[in-house]
Amino acid sequence: MDTTSAGAPLIEGKMSYRQVTDTLSGTVERKPAKWWYAGMTLSTLAVLFGLWAMYTTVTVGLGTWGLNNSTAWGWDIINFVWWIGIGHAGTAFTIFLIVFRAKWAAAINRTAEAMTVFAVMCAGLFPLIHLGRLWLVFFIAPYPNTRGPLWVGYNSPLFWDVLAITTYLLLSVTLWYFGMIPDLATMRDRAKTKLSRTIYGFFSMGWIGSVRNWMRYEALTKILAGLAAPLVVSVHTIVSLNFAVSVIPGWHTTILPPYFFVGAIFSGFAMVLTIMILIRKAFPLTSFITMGHLNSISRVLIFGSMVIGLAYATELFIAWYSGVEYEMFTFFKSRATGRYATTFWIMVVCNAIIPQLLWFRKIRHSIGWLLAISIIINIGMWYERYVILISSLAQDFLPSSWVTFTPTIVDIGIYVGTFGIFFTGMLLFIRAIPMIAIFEVKDLAGEKREDHKPDEDKTEKT
Amino acid sequence: MNQKGIIGIFTTDWQMSDAIKRLREKNIPVTDAVTPFPAHGIMKQLGKESRLPFFSLAAGTGTIILVFAFLYYIAVIDYPIIYGGKPFFAFPTFVIIIYMLTILLTFILTVLAFQARTGLFPGKEIDDPVHRAGDERYIGGMTDDRFMVALGGEEGLSGEMHESASTILRESGAKEILEIKRS
Amino acid sequence: MSKKYWKSLDEHSGIPRKDYIGDFDYVNKNEIEDLLHEESLNTRSSRRDFLKLFGYSIAASALAAGCEQPIHKAIPYLFQPEEVVPGRAVYYATTCFDGDDYGSLVVKVRDGRPIKIEGNELVERGTSSRLQASVLNLYDTARQDFPAENGNRTGWQEADRKITAALDEASASGRKTVLLTGTVISPSTRRLISEFLEARPGAEWVRYDPVSFSAMLEAHRLLSGIRAIPRMHFDRADMIVGFGADFLGTWLNPVAFARQYADRRRVSEDNTRMARHIQFESILSVTGATADERYPVRPSAVREILEYLYQRLGGNEPASPPGTGAELDDIAAELLENAGRSLVVCGYNDIAAQALVAAINQLLGNYGTTLDLDRPVNFRQGNDEAMESLIEDMFRGDVAAIVIHNVNPVFDHPRGEDFGGGLAFVDLSVSLAGSADETSALCKFICPDSHYLESWGDAEPWGGFFSLQQPAIRKLGDTRQMQESLMAWSSGESNSGYHEYLRSYWRQEIYPASGSRETFEDFWNGSLQSGIVEIPGAGQGRPSFNLQALTGILQQSPAAGNPGDRLEMEVYQSIAIGSGRHANNPWLQELPDPVSKVCWDNYLAVSPSDAATLLLDTGDVVLLNDLVRLPVVVQPGQAPGTVSAAMGYGRLVSGMVASGVGTNVMPLAGICGGSTAYSFPLSSLAKTGEKHRLALTQSHHSMEGRPIVRETTLAEYRRNPSAGNEIRQEILEHMYTLYDPVRLDGLHWGMSIDLNACTGCSACVIACQAENNIPVIGREEVYRRRIMHWIRIDRYYSGDPDNPSVHFMPLPCQHCDHAPCESVCPVAATSQSDEGVNQMAYIRCVGTKYCINNCPYKVRRFNWFAYTKSDNFDFNMNSERGRLVLNPDVTVRERGIVEKCSFCIQRIQEAKITAKSENRVLREDEVIPACAQACPSKAIIFGNRADGNSRVSQLFAQKRNYHLLEELHTLPAVGYLTRVKNKKS
Amino acid sequence: MTRQPETLPGSYRTLVLLCLFSVLCVCLVSFNPSSGLREADAQDASEPEDIEAREITISDIRRGERLFQGLLPLGPDVPSCASCHNTRQIDTFNWNPSAMEIALLYEDRAAGDLETVVMDPVTVRMMEVHEGYALSEEQFVLIKAYMDHLAVEGMRERPVITNLLIFLLVVFLVIGAIADLAVFRKVPYKLVHLTVILAGGFFILSAIVHEAVSIGRSQYYEPDQPIKFSHRVHAHDNQTDCLYCHSIAEYSHPAGIPSVSQCMNCHIIVRDGSHSGRFEINKLVDAYENERPVRWIRIHTLPDHVFFSHAVHVNAGNMDCMECHGEVEQMHRLMQVEDLSMGWCLDCHRSAGVDIEGNEFYSLYHRLQEDIHRGELDVPTVADAGGTKCMKCHY
């Protein structure tokens, strides 16, 4: 039997294929609980708040945000980077599952991918909404035109970013969707109403599970996962280039790409942990999402936390070692001891210190502790982006242009709005699609040859 | 045509796998098999290696060349603009863009190729070997816990083969053995 | 007189007046944009509208296969005026004197609209921020556009009839008729006034200055018999000692003084001679900030210091020097060393102090060299005592009629409320205010004066020097210039107008005196073109001084008693607002004070040590004398024991812009010894507990030890020309580049800014704003640090907080050759031109703001809101009239795009196009950006770096030259010259 | 492709107009002309005398219109008025004043004045054209009634069938094809679907691209001007130099539209036009005498963010006006020939040479000159001298 790296079983108990199908599609087929309606109401309200904020931004102007002449990026890019980071877990799990054939990831993969898709959508919203002239966004695309033709600023990390985010979003949506097709077919076959049968039927592409299609399907998912694998590394690397390529102290460092990548995996896994614990609580899926899964994620988190901590230390060291006064100021005066000390230490404590508690087996096995730590990590990761963006911009080279940054209600509104979008998406997802890939789990479940009682065995063993 | 195809329905993959092995030994053509999950044993028995990876490789290589040519054209030939004192031919920049665009275009091309090859697209009708053979029945369960093997397909099986196929299926533990009925 | 400017339109005969543009009544106002012709601002479909239309319709095009386009009408002139070429600017020489500031100017007129003010290079090339902004006053919507009686519109004939009758009655009654004006420097107007006084028996002329120099005038009258202010020549002084005189910022004629001062202090490797400047003051003015040594002193201590100095210079041994921290004996010795080449100036309106200063200068033999009393300046003529007695007379009912021109005593006189009360006892009160003010609101009639750009006139700023004023636009409203009103009321009969009067005055007076051999017509036309006439005259004689009178003066004017522990308050003029005359000018309101960096408010400057004692912090609101509420600014350099606040704020009757901005502090001031005392002890200062959001454009004041402004002393500089700039060599040694340098051919623009010459006066900021259509954003937005100015003056303090060194650094876009902003723009909206200009294509910008972040100098600005045609930003760009000031050569930026300094690319292009069209080489002086042109001290030099002989190339080769943040390898096109302080030690 | 005068075609509006027009057609067809005639005849019969004084009725206006349109005969060998004086907005250029123009001119005058001018013309051209006209006084009253009506109501706009209809048709076709392919399956051949979808999709895309690109542009714009000024008559027939009238082009950004006073330099003498008689020139004289500016319609318009100087192109660039403005001297009514897009500007900047030897200004450009001397460069283009950089035109 496959086990996680932690050694715990992937599926607790023995189940037949039918049982697996029943249990996993049950989350969709049963009437939703009260908490689901409450959650939908809350997240719809959040979406409405966000829509108002975005409407204000687009119609009145970016002046409704807390930005100013020196900090021209604020909550928009903080939240962008944060969401992108969260959006890293899904693809990572896919890679574990498909490229490294780590079967244990099957239970988490689909939810993590859904999370990725919604998180990347939320993230992608920010670079759009932060444009001064949103209606001219097509200028970023290199298309032939009658202006000369005038192409794009290919040197800009923002252009690379647009490519990276677009690619990542398209690829993760495709992976997610193709990963769902066999299960959509299952749902189609189980559908009780004509409408749901038609809808599932439409999206399941007439899937029936013929072996030839399975072959091509596996080839495709492997190729896609293979293509996604470098993306997981490169997307946040390119996001980090937005900062690393600039000249601003605190941004202009070569450590940013690996640091951002690990940070992204770290925050993504933390978010997966949060969501998984919540789902485990809400649905009878404890036999699929086992303590073994949670344990594995916790171990990844410890690793991430240590790398992050190392990155923080390295940044400080390099700033001191370089002797560049602007760097020294940003890291030691502004961040560690100055105006941004509070946020800096929140970041260090949340990301580098608290996760070390996971070394303790007791804490690793306590759902409450895990939930708390996973949430703390994402708070810490938000502060990390806050520190990187605001402290560097608000206090850069010339002290004359030093400013303070204060967010406005519109800033907050858009952030809350993205939470709304994310959770609305997630809630709809768990209502419409089996959270756990049924066909993947079946591979692990069902009657195996070795389970078969010999007296009933009518065929020769090969 | 009085020849008919046969469908065997199993509840485990290994039973079906055994049946297929025996059918193969008897040279009974296996049209297709349908499984609720990618049963690798059966796939190994029935399938050919997909050529999709080669297509991807070709697409990727082509894309790299195309994107490089495009970038060189826009940056150096068509409208050279000085950005921050950098040379027009800014190769490090090109690498990143080529990298991203290669992944993007290769993946899109691969998905399109997959769809073209399998004929799968949203809204497509269910396409199983039974239907393909002209039988209008829909034999469900293959997306749940049933494994189906179709023999004979559109041409059907000759009487002799029909007989032995049924036997093998039955012996292998098939839950049901059905005949494909053409309407 | 090599340079000739265009003559006035009126000088051409045969062109009917109504045909040229700017005439608003000719075609209805909505069509004015058509009249303003093709290239000009089109109000109906302005640049902004177009951009918007463009953007939105692209989006809409996905839905529809087409959309309707506006039809553009083009209406040519009916009769083309000869000198008006659509699309080309015409320049007229004129003169501005508004009572405070004098400028001999050149007005740029595009399609009939004056849009920019420049200094007349025959006098001073530079201008001040207020002069730069004066063009906007022309388009102020708050202007009084018609004569009014008791607030109701009336006609000129009707008003004239009534006023003449009332004046006749007043003359008949035997009571006084008072003509109250500000300082009048127009000789023809002076004659006109004397004619008016003759025609009106019992008429009296009172002159009043809101910023009074009465004491200085009186001191000279008492000592030398001449009631005058000597003309100062800072360019002849090697040793300057100032006492509270902000002569580089606001005092008397700062534009000329700044130029003279900077000329005498400009050092290079070949010329290391430099004047030395010591400043005693209580407020931290730009002059004190520029001085080599500055001593914060209480105003009440100045007299003591002066007495001590006077005694020392007179060869006496006074008892003990007053404790100021300054080595007064050394200063005295230095002054003696530079006798005849020194200058002592004092800005306090205190007879004793002024008399002492005059006596010191006389002892040093400065009269005749650095001071000229033969040809005194006429900028201040007001008599505080006469004003006092006028108020008394009004209350006694002795005044039957009063005609008030160009002054607003109800607002700016310490007894303004009394003056307002007194007006009630006057039968006829006529205000000639061009726009409604506190005084005109209490007057029966308002007969609005025209703006100076709409009027004829002349000026005699100092003896023997005349400049002419001519209209550059048709009158925008139904106004009449003051002289014509006076002419209408003095004779009663119809007259030929002031233009004729002026000509005949010049024919009679100036023309003969000028010794010109031309005909009068030629002389007149020549004078109009050049704008000025200088009369050769007597040289500088040394006036005879009766120094004995000094003792009498000192005895008569008691020393302002020792304020003891009480705080001393000083009321000063701010650089932008001055006396508050043009407080309704949004450009000036948004101009941050060069030192405190506060705009849109006046505030109480408190020294850091006092703030610590009184537990005050910046933003706390305090109540002064139970009368005036002001927010506090903790101002390093403010003399301990003193506080200060700017006058001119707190206008109650004005346009939308000035109302509600600041508080009027003049009611706190008093009259002392017959002259208005601008410094006085404060009887109470109470913290209210309220907080006020001050709009600061800079909130961090230290350089944090970074080599931003580099400084050295003269002695060091003589030893080593790269003194203070040693770090540059180190940086250059560590500079590497992976790329080949960009190949720039022919033109490579560069700008050199001499930090030694910059006084922080901020004229460049307003000049840039006027030239480049920079929007005003208001207090709240400035508070949020979104000011739009393309060039800003950074100010840093260093050293002792109670007397810091102050460093100014003008910071335009640096136009880096390796610009970090360019490589991060995803849409190619900003890139480098082949002339080294960092170009910004507004139409392409989508507003990612990445470039703003990546600019190490933070010079890029973002249009956070729609600042044009927006009621939320109800400044000049929100009215048809206000938009007439816009420069048609510069795009008005839309919401959501980034903008920045362009090195005035429109001027570069214009000059290049002209040179190409004329098939000749581009001359160096042809291309001057607005900031460089406005700079009074010529601190900004612009030119072609590709030409090794250009001035800018030579300055870049100086060892003093450095580039800001050069270690980042941005290769800026702007160089700075280190500041050299002439310090002892 | 020519565009509708005065306004560029608005597709929405055109659609509405098309509907209105079809309604109008239906009304006109269903209306029985003879009944109106009879009605009018009856009125004529009842009140034969005192035509001038009687009140104008709707039927008078209608009869006037018919007379004008030639539906009622004016007389033997007399062509209808409308054959020369158009009553609708037309696409083509017509030298003769339109009915509207005449109507406006005579709005405040009596029918008798009209009669005098038509029957007893003073200008050569009208004498030739109106020779042998014999219209009754009554006919003039009726025509005048129609014209007064026209002056108030305005001319009917010319209905245009635009691309929008075709566009919508194609869109429906494509949607239909997709729907049939996916749902209805009525057409058995998939090739049909494929062809329709591909061709239709291409058409839709190219139409959208074309329309999106031409936003803000007005290539082939050719509006009617308030005065029928013919560049052909002036520049070709009379050999006037372009720069005689557009003199500003030599030393300023705009080329300048000559002032009325400048027109009058010649037209103080020239009062008879070769094509339009006095009618058009009289407008100019009227503008001059009554100091009423002429509101020309601007054709060549660059957006406000573009700075273009005629001076530098004419002087330093030695360009001929025709290079950008087309064969103006062949145009009676001026048309914008080029699209004035940025790409069009750049095409020229990239190919046109600069006069680096002849123009002193370029003596600054040492490296460029060295390149020429070394033979690396033949003729430097404007682009070589920085002519493709943003800030040449945008600031």
Side-chain angles (χ1 to χ4, degrees), chain C residues 27 34 37-39 42 46-47 50-51 54 57-58 61-62 64-69 71-80 85-88 743 745-747 831 833-835 837 839-844 889-891 902 905-906 909 912-913 915-922 944 946-947, chain D residues 6-13 162-164 167 207-208 211-212 215-216 218 223 248 251-254 256-262 287-288 291 293-298 301 303-305 307 309 311-312 315-316 358-368 385-386 389-392 394-395:
Chain C
V27 181
D34 295 329
H37 218 275
E38 317 179 287
E39 281 290 292
N42 188 321
S46 74
R47 295 179 181 290
F50 175 76
L51 294 181
F54 183 70
S57 53
I58 286 275
S61 72
C67 71
E68 204 145 331
Q69 281 192 35
I71 296 165
H72 298 272
K73 293 274 165 87
I75 302 171
Y77 290 99
L78 205 53
F79 305 89
Q80 178 102 33
V85 177
R88 276 188 89 88
R743 184 190 134 132
D745 194 8
L747 294 164
S831 58
S833 85
D834 62 333
E835 291 165 19
V837 175
Q839 27 185 22
M840 181 72 219
Y842 306 123
I843 184 66
R844 182 72 178 169
D889 286 339
V890 178
T891 313
S902 65
I905 189 77
Q906 65 280 9
Q909 285 297 102
K912 276 166 57 193
I913 286 172
K916 275 184 204 169
S917 300
E918 292 173 5
N919 192 0
R920 61 171 171 79
V921 177
L922 190 64
N944 181 7
D947 172 8
Chain D
E6 272 289 325
T7 54
L8 299 179
S11 306
Y12 292 126
R13 201 167 75 186
T162 55
N163 296 334
L164 183 70
F167 181 80
I208 288 175
E211 288 298 327
I215 283 173
S218 41
I248 296 173
Y251 48 96
S252 185
H253 307 310
I257 298 169
S259 63
V260 176
S261 57
Q262 199 175 339
Y288 184 72
E291 298 188 347
V294 183
R295 303 174 67 89
W296 298 102
I297 290 164
R298 206 170 156 184
T301 320
D304 284 340
H305 56 267
F307 287 81
S309 169
V312 74
N315 294 318
N359 197 326
E360 270 296 302
F361 176 82
Y362 293 103
S363 62
L364 281 168
Y365 290 70
H366 302 300
R367 290 214 201 98
L368 214 51
K389 297 291 185 279
C390 315
M391 273 197 167
K392 296 283 157 173
H394 303 293
Y395 41 85

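Letters A, B, ... mirror the listed sequences (proteins, then strands); counts begin at 1. Just so it is clear, the values below take in all heavy atoms, side chains as well, and ignore hydrogens, waters and symmetry mates.
- Interatomic distance, D/Y365 OH to C/D834 CG, rounded to the nearest 0.5 Å: 6.0 Å.
- Within the 4.5 angstrom heavy-atom criterion, only side-chain atoms of C/N944, from C-beta onward, approach chain D.
- C/E918 pairs by the side-chain hydrogen bond (donor to acceptor under 3.5 Å, both in side chains) definition with C/R920, not counting sequence neighbours.
- Using a 4.5 Å heavy-atom cutoff, the side chains of C/E835 and D/K392 are in contact.
- Between chain C and the residues D/G386, D/A316, D/G358, D/S252, the most heavy-atom pairs under 4.5 angstrom are made by D/S252.
- With a 4.5 angstrom heavy-atom cutoff, C/V921 touches chain D via backbone and side-chain atoms both.
- When all heavy atoms of D/M391 and C/V837 are compared, the pair lying nearest together is SD-CG1, 3.7 Å.
- At least one side-chain heavy atom of C/K912 sits under 4.5 Å from a side-chain heavy atom of D/F361.
- Nearest heavy atom pair, residue C/Q839 against residue D/C390, reads OE1-N, 3.2 Å.
- The closest side-chain heavy-atom distance from C/D889 to D/H253 is below 4.5 Å.
- The shortest distance between side-chain heavy atoms of D/Y395 and C/Q909 falls below 4.5 Å.
- Taken from CG in C/D745 to OH in D/Y362, the straight-line distance is 11.5 Å, to the nearest 0.5 Å.
- For C/S831, the part sitting under 4.5 Å from any heavy atom of chain D is the side chain, from C-beta outward, and nothing else.
- Nearest heavy-atom pair across C/T891 and D/H305 is OG1-CA, 4.2 Å.
- Considering only residues two or more places apart in sequence or on other chains, D/Y251 meets the ring-ring contact (aromatic ring centres under 6.0 Å, His included) condition with none of them.
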